[in-house]
Number of protein chains: 2
Amino acid sequence: MTSQAGSGGASTVPDVFDPGGGANLTRVRAYNERLVMSLVRRHGSLSKADIARRSGLSAQTVSVIMRALEKDGLLMRGDPVRGRVGQPSIPMRLNPDAVYSYGVKIGRRSCDLVLMDFVGNIRLQLHQTHAYPMPEEILSFIVEGIPKLERMLTEEQRGRIAGVGIATPFQLWSWAEETGAPREAMARWRGFDLRDAVAARTHHPVLMQNDATSACGAELIFGVGASYPDFIYFYIGSFIGGGIVLNSALFSGRSGTAGAVGPLQVSDRNGKPQQLLKIASIFVLENLLRERGIDPKPLWYSADEWIDFGEPLETWIQLTAAALAQAIVSSASIIDFSAAVIDGGFPGWVRERIVAAIRKAAGELDLEGVILPDIIEGAVGAQARAIGGASLPLFSRYLIDTNVLFKETA
Amino acid sequence: MTSQAGSGGASTVPDVFDPGGGANLTRVRAYNERLVMSLVRRHGSLSKADIARRSGLSAQTVSVIMRALEKDGLLMRGDPVRGRVGQPSIPMRLNPDAVYSYGVKIGRRSCDLVLMDFVGNIRLQLHQTHAYPMPEEILSFIVEGIPKLERMLTEEQRGRIAGVGIATPFQLWSWAEETGAPREAMARWRGFDLRDAVAARTHHPVLMQNDATSACGAELIFGVGASYPDFIYFYIGSFIGGGIVLNSALFSGRSGTAGAVGPLQVSDRNGKPQQLLKIASIFVLENLLRERGIDPKPLWYSADEWIDFGEPLETWIQLTAAALAQAIVSSASIIDFSAAVIDGGFPGWVRERIVAAIRKAAGELDLEGVILPDIIEGAVGAQARAIGGASLPLFSRYLIDTNVLFKETA
DNA sequence: TTTTAATAATTCAATTTGATTTATTTATTG
DNA sequence: CAATAAATAAATCAAATTGAATTATTAAAA
C-alpha cells in the first residue's frame with residue numbers, strides 16, 4: 001500500500017507529519033469566548049439568546065460567557081428591544097474602546113502607523129512619505145511614532161493596547177529595478193528582521209505579515225467576510241499580491257506565502273505564458289505612461305488623486321482585467337471560491353472600471369466545468385493594509401481561530 | 001468601513017455567514033479519540049507515552065482514552081519494547097479487523113466494489129466491465145454485490161461494517177461525446193441520485209464523493225499524506241481530475257468541487273490558453289492513437305497492461321507534462337503546497353516518465369517568486385479511487401476531522 | 001555478581017474546569 | 001390572566017489535569 005513515495009524534488013521532507021494536538025476544557029472555553037465575540041462582531045449586535053441559537057451552545061453557557069465578557073469590558077449591553085412577546089432581549093455589542101492595536105503599513109512611497117479600535121475605526125494616525133523605504137528610517141518611524149501616539153491616550157487606554165501588526169511587502173530588496181530605488185540601498189533589507197527590531201524597542205507584542213495578505217484579513221473581518229465564507233483577494237499595488245480566505249479564516253499556508261498570486265501563469269495578449277504580476281501591477285501602468293511621455297507621478301501622490309490618463313490607463317485596465325480573469329478562473333478550478341475580491345492602490349472609479357472589465361473578460365473565457373466566483377470590489381478601502389496589520393494582534397487574542405482549541409505540540 | 005460590497009456576480013449571497021458552532025466536553029473527547037487513532041495510523045504503532053508527547057495531552061488522559069479504545073477492539077497491544085532505561089513501552093496499533101467498509105469505484109470501462117479493512121487492505125473484491133456505465137446496471141452491481149460479499153463474512157464481521165463510500169466522476173452525462181457512449185443513454189444519469197438509490201437498498205450509511213477527490217483522500221491516509229501536510233493531487237483518467245489536502249485534511253470546498261483542476265487555464269503548444277483537461281487527459285492520447293491508425297483498446301483493458309505506443313505516447317507525455325507543469329506553478333502561487341502528487345489510470349512506468357517530464361518542464365518555467373512543490377508519484381496505486389471511496393465512512397467516524405469539535409448549527 | 005540509583009511507562013485518586021439540565025424569575029404581548 | 005421568550009441560579013455531569021504511586025527496566029557502583 002505505502003510502497004514508494006517518489007523521490008521528491010529538492011527540499012527535505014519530514015519523516016512523518018503529525019496532525020494538530022489535543023483539545024481540553026480550558027481551550028474549549030477560550031474557543032467559545034472567541035466564537036461569541038466573532039458572532040457579535042459579524043452581526044453588529046446580538047442578544048444572548050441569539051448567540052445561543054447561532055452557536056448551538058446552551059443558553060446558560062452563553063449567559064455565563066457573555067456576562068464574563070461584559071465584566072471584562074469587551075461587550076456592552078444596548079437598550080432592551082421590546083415589541084415581541086416575552087421578556088425583552090438585550091442586544092450586546094462590542095465595546096469599541098475595549099482594545100486598541102497598532103497597524104503599520106510599509107509602502108513603496110509612504111509608511112503609515114495607525115491606532116485602531118476594537119471595531120475597526122482608525123483613531124489616531126501618522127503618515128510619512130519617502131523616495132524609497134529604508135530599514136533604519138522605517139524602524140525609527142515606528143518606534144518613535146508609538147510613544148508619540150501614546151501621549152494622546154490616558155494611562156488606562158494605553159493599558160488596553162493589544163500589540164503592533166506590521167503589513168509589509170516581502171523581499172523588499174527585489175523591488176529595486178522596477179521602482180527606481182538604488183539597488184544597494186534596498187539590499188540593506190536583506191537579513192534585516194524588522195519584526196525583531198521593533199519588538200526589541202517596544203513592550204507590545206509585534207506581529208508581521210505580508211501587506212496583501214493583511215489587506216485580505218481586513219476584508220475578512222471588516223469587509224466582505226461576513227457575506228463570503230471563502231474568497232480569493234487581489235491587491236493591485238506596485239506589484240500585485242493577494243490573500244486567501246477559507247472557511248472564514250485567513251489561510252496563509254505553511255510558508256506564509258499562500259495567496260501570493262503574483263507568479264500565477266496567464267497568457268498575455270500575444271498568447272505567451274506570463275506571470276500575472278508582469279501584467280496586472282501598477283508599475284506596468286507607470287512604464288506605459290513613461291513610454292508615452294506622460295509623467296506618472298500623480299500615481300504616487302495619493303491613491304485617491306489619480307487623474308484619468310485616458311488611453312494608456314484604459315489599455316492597462318483591459319490588459320489587467322484579461323489577466324485577472326484568467327487568474328480567477330484558474331484559482332476557481334483549484335478552490336471553489338465563492339468570490340474574488342479586487343482592490344488596490346487606486347481610486348474607487350478605477351477599481352470599478354477594472355471589476356467591470358474583469359467580469360466582461362471572464363465571460364469570454366471557456367468556463368465549462370468551473371463555477372465562476374462573484375467578482376466584487378473590496379469594501380474596506382484605502383487603509384486596508386494598515387487595518388489588516390492592526391487586526392493581527394486582535395486575531396491572535398480575540399478572534400475566532402480553530403487553532404485556539406489545539407495544543408502546540410512543537 | 002463596510003460601505004459597499006460590490007454588486008456581486010450572478011449567484012445570491014447569504015446576508016451574513018456565521019462561523020462554526022460551539023465546542024463542548026463530549027466533543028472534546030470524541031476529537032481526542034480520533035486524534036489518538038490518527039496518530040497511531042500515521043506511525044503504524046505508538047505507545048501511550050509517545051501519544052502523550054505528540055498530542056500534548058497528559059499521560060493519564062491518553063491512558064484512559066487508549067484503554068477505552070482497546071476495550072472497544074479498535075486498538076491492539078503489541079509486544080513490549082525493551083532495551084531502553086525504564087519500564088518497557090507497549091506499542092499500540094490499529095486492529096485491522098476492527099472496522100470494515102465498502103468502496104465503490106465507477107469508471108469509464110469498469111466498476112469496482114471492494115471491502116477494505118481498518119488499515120487499508122482490500123479483503124474482498126468484485127469487478128465488472130462495461131462499454132459505458134448505466135445507472136441501473138451500476139446500482140444492481142452495488143446492491144447485489146454487497147450481500148454477495150457479506151455471505152463470505154461471519155455475523156460478527158458484518159456487524160463491524162462502517163458504511164459504503166462511492167467514488168464517481170461528477171456529471172457523467174457530459175462524458176458522452178469524447179468517450180463514444182450514446183448520448184441518450186448517458187443522459188439518464190442526469191437527475192439520478194445514485195447515493196440515495198443505494199441508501200434506499202442497503203442499511204449501511206452511504207457516502208459519495210468525486211472519484212479524483214477520493215483517490216486524493218486515499219493518498220492522504222494511506223500514501224504520501226504522512227510526509228506532506230498539504231498537497232495538490234492530479235489523477236489522470238479519461239479526464240483529468242484532482243483533489244486538495246490542506247493541514248492534513250481533505251479540502252473539498254463549499255460545493256465539493258475544490259481540486260477539480262480540469263478547467264485550469266494553461267497555454268497549449270501554440271501558446272493559446274486552453275483548459276488543462278483538454279491536454280492532460282487519457283482521451284487525448286486515445287484520439288492521438290486513432291489519428292495515427294493505432295487501435296487504442298489496450299488503454300482500456302487494464303491500467304497495468306499498456307503497451308509502449310512509441311511516438312504518440314511520448315508526444316502525449318510531453319504535452320501533458322508541459323501543461324501540468326504550468327498547472328502546478330499556478331496552483332503553488334495560490335496555495336503554497338509542499339507537494340504535487342501525480343497518479344492516473346496507467347502503469348507505473350508511464351507515471352514515472354510523466355513525473356520526470358513534469359520536473360523537467362517545470363524547471364524551464366519562470367519560477368521567480370514561487371516555491372516549486374516536490375513533484376512526486378502517487379504511492380497508493382491502481383485502486384486509489386476505490387480505497388478513497390471506502391475510507392469515506394472511516395473519515396466520517398474514526399479519522400481526525402476538525403469538524404468533530406463543532407456543533408452543526410444548521 | 002550483587003546492589004543501588006536513575007529513568008521511563010503506566011495508572012490511581014483527587015481536583016478542577018466548564019458545559020448541560022432543570023427549575024425559577026422576569027418582562028412582555030394579546 | 002395566559003402564553004411566551006429571555007435570562008439566570010443551582011445542581012449535575014463529563015472529561016482533562018495534577019500529583020503521587022507502582023512497576024519494570026537499564027546503568028553504574030560496590
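Since the model is a prediction, treat every value here as computed from it, not as a measurement.
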Quiz prompt | A:N32 side-chain N/O to C:dA19 phosphate OP1/OP2 under 4.0 Å | solution = yes
Quiz item: Taking the side chain from A:D336 and the backbone from B:R254, do they hold a donor-acceptor pair closer than 3.5 Å?
Solution: yes
Exercise. Quickly work out the B:M66 CE to D:dA16 P distance and round it to whole Å.
Key: 14 Å
Self-check item: Electrostatic pair B:R158-B:E155, nearest N-O below 4.0 angstrom
Solution: yes
Quiz item: Quick one: A:Y31 OH to C:dA19 C1', roughly how many Å, whole number?
Solution: 15 Å
Quiz item: Should A:R29 be listed as having a side-chain N or O under 4.0 Å from OP1 or OP2 of C:dA19?
Solution: yes
Quiz item: Toward the 5' end of DNA chain C, which comes first, B:A49 or A:Q60, by nearest nucleotide?
Solution: B:A49
Self-check item: Rounded distance (Å) that lies between atom C1' of D:dT8 and atom CD of A:E70
Solution: 14 Å
Quiz item: Is there a side-chain polar atom (N or O) of A:T61 under 4.0 Å from OP1 or OP2 of C:dT20?
Solution: yes
Quiz prompt | Positive for side-chain contact (heavy atoms from CB on, under 4.5 Å) with B:F251, one of B:L246, B:I335, B:V245 | solution = B:L246
Quiz item: Any side-chain N or O of A:R27 under 4.0 Å from OP1/OP2 of C:dG18?
Solution: no
Self-check item: Interatomic distance, B:L57 CG vs C:dT10 C1' [rounded to whole Å]
Solution: 16 Å
Quiz item: When you measure from the side chain of B:Q87, which nucleotide among D:dT23, C:dT10, C:dA19 comes out closest?
Solution: D:dT23
Practice problem: Would you please confirm or rule out a distance under 4.0 Å between OP1 or OP2 of D:dA6 and any side-chain N or O of A:S89? | Solution: no
Practice problem: Respond yes when some side-chain nitrogen or oxygen of B:K48 is under 4.0 Å from OP1 or OP2 of C:dT11, and no when none is. | Solution: yes
Practice problem: Could you tell me the separation between the CD1 atom of B:I90 and the P atom of C:dA8, rounded to a whole number of Å? | Solution: 17 Å
Quiz item: How long is the line joining CE of B:M92 and C1' of C:dT11, in whole Å?
Solution: 14 Å
Quiz item: Choosing from D:dT17, D:dT8, D:dA6, which nucleotide comes nearest the side chain of A:R67?
Solution: D:dT8
Quiz item: So, the side chain of A:S101 versus the backbone of A:A390: is there a donor-acceptor pair under 3.5 Å, distance only?
Solution: yes
Quiz prompt | Test item: B:D117 side-chain N/O and B:D97 main-chain N/O as donor-acceptor pair under 3.5 Å | solution = no
Practice problem: Specify the separation, in whole Å, of atom CD1 of B:I51 and atom P of C:dA8. | Solution: 19 Å
Exercise. Establish, with yes or no, whether the OP1 or OP2 oxygen of C:dA8 is under 4.0 angstrom from a side-chain nitrogen or oxygen of B:R53.
Key: no
Self-check item: Interatomic distance where CG belongs to A:L35 and C1' belongs to C:dG18 [whole Å]
Solution: 15 Å
Exercise. Taking only the side-chain nitrogens and oxygens of B:S63, find out if one of them lies under 4.0 Å from OP1 or OP2 of C:dT11.
Key: yes
Self-check item: Earlier contact from the 5' end, DNA chain D, for B:A59 and A:R77
Solution: A:R77
